[in-house]
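What follows is a single structure, written as structure tokens, with notes after it.
Within every chain, numbering begins at 1; the chains are lettered A, B, ... in the order of the sequence lines, protein sequences first and strands thereafter.
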Amino acid sequence: MLLSALSCFILFAAVLFLLFFGAVWSWFSRRRPERAKWLGALSAMLGCCAGTVLALPAAAQWVPAQHFAFLGLHWQIDALAGFFMLPVLLLGLAAAGHSLGYLQGHGGQRQGTYWFFFNLTLLAMLLVCAAATYIELLLAWELMGVMSFALVAFSFQEQETRHAAWVYLLACHAGAVFLILMFVLAGNPNPGYAGTAVACGLLGFGLKAGFPILHVWLPEAHPAAPAPVSAIMSAAMLNLGIYGILRFLPPVSPGLLGWLLLGLGLSGALLGIVLALAQVNLKRLLAYSSIENMGIAFLGLGLGFLGLSQQNAAMAVCGLGGGLLHLWNHALLKGTLFLLAGAVFKSTGTLIIDKMGGLGKDLPVSKNLFIANAAALSGLPPGNAFLSEIMIYLAAFQGVLSGNHVILAAAIIAAVGLALSGGLAAAAFCKASAAVFLGAARNPRNHEPHPECRLMLGPELFLSLLALASVIFAPWLWENILPGVLQQSPLIGGGSWPLSAEHGSQTLSAVRNFSFAIIALIAVLGFLRHRQLRRKVLDTGCTWDCGYALPTARMQYTGTAFTQPLSDYFRLTLGRHRSTVPVQGYFPQEAAVHITASDPGDRLVWHPLSRFTARIADKTRRIQSGYLHLYILMILIALIAMLIYAVASSLPPAAAPEPALPAAGQLHQNAAPLQP
Amino acid sequence: MNDLLSLLLGALLVLNLLLASASRLRHCIKLVAIQGVLLGLLSLACAQSSGGHNWQFLLVMILSLLIKGGLLPYLLLYTMRRISVRRELEPVVGYSLSLVIILALTGGAFWLSSITPTAVAHGASPLVLPAALSTISTGLFLMVTRRKAITQVIGFLVFENGISIFGTGMMIHNGLLVELGLLLDIFALVFIMGLAVFNINRSFQHIDTHSLNALGD
Amino acid sequence: MPQNPFFWWAGLITALLLAPLLPGVINKTKACFVGRQGPSLLQPYYNLHKLFRKDCIRSSTSCGPLAWAPGLELSALLLALLFLPYANQLSPFAFTGDAFLFAYLLGLGRFALVIGAMDTGSSFEGMGASREVQFAALTEGAFFAVIGFLAFASRSLNLSEMLSCPLPANVPTVIAAVILAAGIAFIVMLVENSRVPFDDPETHLELTMIHEAMILDYSGPDLGFILYSAALKLWLMTALVVLMLLPGDLASAPVLFILHLLGVLLGGIVIGAVEAVSARFRFLKLPQFLLGALCTALIALALTVIGTGGGR
């Protein structure tokens with residue numbers, strides 16, 4: 001016991017040391033890019049490996065939870081912390097490797113700067129997971145926001161990137177303000193503040209986790225950041241919002257939280273994927289799909305909390321476990337997809353889907369990985385996301401069978417919504433993989449296609465293999481890890497009845513077996529087909545195209561055209577967001593449609609809000625006259641007003657029935673006897 | 001026999017969805033006619049499941065088959081042809097959204113009937129109350145969201161059909177009297193409407209109620 | 001209800017062997033309706049035999065998916081076949097939640113086909129694929145609503161039990177609900193299999209097709225794989241509708257087996273009749289129609305819930 005505590009402490013210190021000194025050292029050697037690069041990358045990788053050694057046993061509950069003080073602050077590493085640390089570490093490892101390839105060509109001092117912020121971002125994310133109390137959480141949270149802001153702003157020469165980075169910074173700070181409010185209110189003994197504290201907590205953590213409407217920074221920051229950074233942010237940082245909710249949210253009734261998360265999750269899942277469909281920027285599409293997947297996870301958690309409030313064990317376990325499992329699966333798959341988007345960007349120099357096409361011939365491995373991961377992320381069977389989605393479906397259908405009519409209605413709507421979002425996700429990812437990798441190149445390349453970069457391919461393969469492994473180990477994970485992880489959350493654990501994993505584990509192992517049956521069947525059929533065709537004449541010709549002999553690349557369906565019916569159906573293309581060049585004459589020369597789907601959160605909430613603020617600011621600017629006398633007068637007025645308020649509120653309670661002051665008076669009375 | 005009753009009520013529920021998504025005027029009128037026929041059959045089914053007052057139910061059935069299933073739709077079609085109105089409905093709310101709203105209203109109807117005490121809610125079948133409420137709200141919804149004057153009459157017909165479902169299904173005492181009164185009412189209404197719409201059309205060349213708003217001042 | 005696994009296996013093998021017969025039945029029915037003699041019932045078998053002997057030509061634009069998509073689709077469907085309770089005998093592969101795996105396996109097959117279609121870079125295939133994903137996404141919702149109804153009516157999450165359970169006698173509204181839900185399942189079947197009125201498999205214009213437009217570039221054994229998978233899918237979904245309508249306690253296993261077989265063939269005749277008398281819908285109206293199907297399935301669920309009464 002002591003040994004494990006000691007080794008845990010040493011490992012934690014080592015991770016901190018490696019990441020921190022790697023960061024600082026590469027910053028100081030930024031004039032020598034080569035050295036800075038290897039220093040930063042190696043320290044990040046080593047730190048991540050050491051962290052994995054620390055987090056894995058904690059998550060798997062091979063060692064008991066550890067609490068210790070370090071740097072005068074309190075840290076704890078238990079199953080919940082370990083579970084959320086693991087994606088950070090694995091993604092950090094992969095992203096560090098990928099960055100080596102992605103940053104090739106960035107000379108000068110950029111390498112040192114990048115690795116400084118990269119390592120510190122990783123460090124901050126780990127600290128968020130390990131925080132034991134509010135103080136550590138707030139410190140680490142703010143550090144995480146600022147460091148990742150610098151990473152988002154990495155290519156600050158572009159106007160769009162700067163804009164995205166500012167939006168991101170604003171969102172981070174708004175989140176931090178809400179969190180501070182939450183902690184202040186939660187510490188207040190007055191029970192009237194509990195509701196507000198929970199609302200602040202949900203807003204603060206929701207800003208990070210991508211609640212619908214609060215998600216605005218996501219589609220801005222992800223396309224702007226370098227690909228490995230987007231991978232980390234989307235796959236691991238979003239999860240931390242949920243981690244915060246599970247660990248630090250003030251006590252709230254599971255029923256209320258369940259309904260909230262269910263509503264947010266359903267709207268987030270549908271909104272995210274519908275918007276993803278209409279995007280033309282590959283990374284923006286992936287970012288919206290992250291909102292969708294976070295929504296699915298919320299949906300699962302919401303169903304789980306509803307199950308908790310209904311004392312429905314099967315629904316609670318399947319919902320909560322499915323939600324957490326989906327976070328894990330999404331982290332692996334979305335991480336890989338962002339890294340692949342980075343590889344595509346390096347190869348083509350653009351992220352606009354409609355300008356690509358036919359990349360599959362230049363990047364064959366990337367193509368296969370992308371299609372496989374995209375299919376898995378749409379929840380299709382041999383992939384790992386199906387495992388978590390089926391658990392969430394099980395939770396919803398337990399709700400359908402539960403007998404309570406209101407829960408039944410909510411659960412069936414959740415299940416149908418999940419099915420719809422699954423179908424739409426398949427459409428969105430068909431669009432992404434087809435328009436980028438398949439068909440013929442739409443724009444002629446201005447450079448020779450170079451072979452795939454090994455440094456970038458390795459991490460992508462690594463994450464894909466992890467995804468495959470998580471299919472194999474999912475039942476084990478479900479039985480041995482998730483109950484312990486869930487117990488650690490104050491919102492779930494400490495309940496009157498224990499969570500057991502017996503619900504769903506049978507389904508999971510059956511699904512795993514069938515997943516491998518599919519893979520085996522595909523292999524057998526492929527072999528049969530191969531044998532059949534070996535004796536045949538195998539000919540290649542141009543695409544048939546209904547007899548038209550001279551098809552050109554411009555005649556293909558573009559990504560926009562592919563999803564245009566769906567985005568029209570969901571009214572994303574109203575008004576100025578759609579511009580068409582209509583078909584004219586018998587031999588039309590030109591016809592086009594451009595669709596830019598503006599974010600409804602942006603359009604309906606944030607823009608009016610900012611206009612409103614600006615108007616108020618305009619009005620109040622008149623006070624700013626520039627005369628010192630006026631300022632002094634204002635200070636005087638304010639002082640007098642405060643004085644009047646203080647006098648009025650310190651009158652006896654009968655005269656001024658404010659609730660706050662009697663409480664303060666009581667405090668004095670309590671304090672008095674202590675003085676002697 | 002309960003099966004027939006619940007089949008009819010289920011069909012009435014689905015008919016509401018069809019009404020919400022019908023885009024052609026003629027189609028809409030046909031659906032209302034079908035609703036009238038189903039209503040007639042409903043009173044037959046109620047009569048069979050209850051036993052008593054057979055001749056009353058039979059009378060209601062014949063009357064509603066004749067008037068709601070035949071006469072009123074014919075009048076509507078006749079008006080439609082006379083004023084040569086365009087066939088599309090010109091909804092304020094899109095058809096898909098209408099469907100979702102009708103579904104939500106139906107869900108609300110089910111919820112309402114599940115919280116009403118069983119003794120009140122269960123007339124001939126537990127489905128009567130939801131079907132009636134859903135039809136009533138569909139009628140109101142159609143009146144609110146469709147532009148043409150003639151569709152407002154259709155909406156009113158649907159609304160009235162909902163009330164009839166309630167009356168028939170609950171087997172209200174002296175239901176016959178109420179039913180006959182309603183029939184007379186609606187007949188007069190459709191007749192007057194026909195005249196009014198025809199006259200409006202003659203003076204303004206269209207029957208878009210939105211354009212009538214300008215007359216307000 | 002005594003279980004007899006023999007009849008389940010017989011049902012599976014029948015499905016594998018007789019699946020290509022179903023398109024034959026449909027075509028024959030259509031031909032009869034318009035007064036022609038029509039192709040032989042066995043024509044699909046001849047077609048498959050011919051295709052498997054043929055050579056293969058491949059688009060030069062392709063970079064791989066075109067080659068593996070047919071195999072993937074076929075294997076997804078073969079696996080999905082394992083979960084239906086043929087002749088109302090519980091499937092030996094059934095587990096809690098297999099209904100979702102069933103639905104997603106169909107989704108996997110579709111994904112493979114769409115990716116394969118986009119691989120050729122053909123504008124027609126792009127058009128077909130675009131329509132396919134659009135309608136499939138909206139059908140998915142209706143299908144899950146039907147599953148929700150089945151789960152509630154049978155109190156089970158297992159496709160075998162859902163489809164083979166006897167009708168709950170104490171629920172007065174269940175017959176209406178089952179008929180409604182089976183109607184929706186029939187519509188889902190028509191959409192999934194690209195039949196009239198949602199898609200016209202036999203029009204001469206590639207512009208107006210969905211499924212057939214996606215497979216323009218396949219030839220030889222690959223096309224054979226795809227045709228066979230399409231036939232399997234048709235059989236699968238028709239059997240699903242038939243099993244929804246066949247209560248499990250109706251008769252003994254052999255009789256049920258015969259009934260189920262006849263039901264599927266009758267389903268083929270019904271599809272043929274629908275195709276003969278109706279025209280294809282406008283594509284623009286389809287999403288609305290599918291949404292209506294989803295709403296109707298939810299109403300079927302509500303009917304059952306209200307019929308069950310208590311519990312609240």
Side-chain angles (χ1 to χ4, degrees), chain A residues 360-361 364 367 371 375 379-381 386 390 393-394 397 400-401 403-405 408 412 415-416 419-420 422-424 426-427 430 433-434 438-440 506-507 510-511 514 517-518 521-522 525-526 529 532-533 536-546 551 555-557 561-562 565-566 569, chain C residues 52 55-61 63-65 68 71-72 74-76 78-79 95-97 100-101 104-105 107-108 111 114-115 118-124 126-127 129-131 133-134 136-138 140-141 143-145 148 151-152 155 157 206 216-217 220-221 287 294 298 301 305 311-312:
Chain A
K361 286 187 173 158
K367 172 205 72 187
I371 293 177
L380 294 175
F386 178 67
I390 198 173
Y393 277 123
L394 276 186
F397 274 72
V400 170
L401 298 185
N404 181 330
H405 288 187
L408 179 144
I412 190 71
V416 169
L420 264 181
L424 293 175
C430 277
S433 24
L438 306 181
Q506 211 189 352
T507 303
V511 172
F514 279 109
I518 301 174
L521 206 55
I522 294 169
L525 282 178
R529 174 182 176 278
Q532 179 82 0
L533 287 183
K536 302 276 170 66
V537 186
L538 197 66
D539 201 4
T540 14
C542 83
T543 297
W544 188 64
D545 236 2
C546 302
M555 288 164 71
Q556 296 172 94
Y557 248 49
F562 187 73
L566 271 171
Y569 181 63
Chain C
F52 279 116
D55 293 339
C56 199
I57 183 165
R58 190 182 302 158
S59 161
S60 54
T61 320
C63 62
W68 50 252
L72 221 171
L74 186 55
S75 46
L78 285 177
L79 219 58
F95 62 92
T96 311
F100 312 119
L101 183 59
Y104 271 73
L105 279 172
L108 177 68
F111 187 88
V114 168
I115 289 290
M118 294 303 283
D119 192 25
T120 58
S122 150
S123 41
F124 291 103
M127 200 179 293
S130 162
R131 286 171 186 159
V133 294
Q134 182 194 6
L138 296 170
E140 202 103 324
F143 189 56
F144 270 80
F152 187 83
R155 308 244 130 225
L157 290 179
E206 291 86 350
L216 284 174
D217 251 282
L294 162 63
L298 288 180
L301 174 65
V305 173
R312 214 183 65 79

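- C:F124 touches chain A through backbone and side chain together, each having a heavy atom under 4.5 Å away.
- With respect to chain C, the highest number of heavy-atom pairs below 4.5 Å among A:C542, A:A419, A:A517 belongs to A:A419.
- Only the side chain of A:S433 has a heavy atom closer than 4.5 Å to any heavy atom of chain C.
- Relative ring orientation between A:F386 and C:Y104 is described as tilted, the plane-to-plane angle lying within the 30° to 60° band.
- Comparing A:A426, A:A561, A:A375 by how many heavy-atom pairs each has under 4.5 Å with chain C, the most go to A:A375.
- Separation of the A:Y393 and C:F144 ring centroids falls under the 6.0 Å cut-off.
- At distances below 3.5 Å, not a single donor-acceptor pair connects side-chain atoms of A:Q532 with backbone N or O atoms of C:P221.
- The greatest number of non-hydrogen atom pairs below 4.5 Å with chain C, out of A:G422, A:A440, A:G423, A:G439, is found for A:G439.
- Of the two parts of C:P287, the backbone and the side chain both hold a non-hydrogen atom closer than 4.5 Å to a non-hydrogen atom of chain A.
- Considering CG of A:L525 and CG of C:L72, their distance stands at 9.0 Å, rounded to 0.5 Å.
- Defined by atom type and a distance below 3.5 Å, a donor-acceptor pair is present between the side-chain atoms of C:T61 and A:T543.
- The line from CZ of C:R58 to OG1 of A:T540 is 8.0 Å long, rounded to the nearest 0.5 Å.
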- Does the pair C:L108 and A:I518 meet the rule for a side-chain contact (heavy atoms from CB on, under 4.5 Å), with working shown? CA-CA 10 Å; C:L108 177 68; A:I518 301 174; 4.2 Å; yes
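- By number of non-hydrogen pairs under 4.5 angstrom with chain C, the leading residue of A:A434, A:G360, A:C430 is A:C430.
- Using a 4.5 Å cut-off between heavy atoms, C:L294 touches chain A through its side chain atoms alone.
- For chain A, the nearby parts of C:D119 are the backbone and the side chain; heavy atoms of each come within less than 4.5 Å.
- A:L533 touches chain C through its side chain: at least one heavy atom from C-beta onward sits under 4.5 Å away, while N, CA, C and O do not.
- For A:L401, the parts lying near chain C are the backbone and the side chain together; criterion is any non-hydrogen pair under 4.5 Å.
- Comparing C:G220, C:G141, C:A76, C:G64 by how many heavy-atom pairs each has under 4.5 Å with chain A, the most go to C:G141.
- Neither the backbone nor the side chain of C:A136 comes within less than 4.5 Å of any heavy atom of chain A.
- For the options C:G148, C:G71, C:A129, C:S60, heavy-atom pairs under 4.5 Å to chain A are most numerous at C:S60.
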- Task: Show your reasoning for whether side-chain contact (heavy atoms from CB on, under 4.5 Å) applies to C:M127 and A:Y557.
- Result: CA-CA 7 Å; C:M127 200 179 293; A:Y557 248 49; 3.3 Å; yes
- Message: One pair to check against side-chain contact (heavy atoms from CB on, under 4.5 Å): C:F100 and A:L394. What are the steps and the verdict?
- Response: CA-CA 9 Å; C:F100 312 119; A:L394 276 186; 4.0 Å; yes
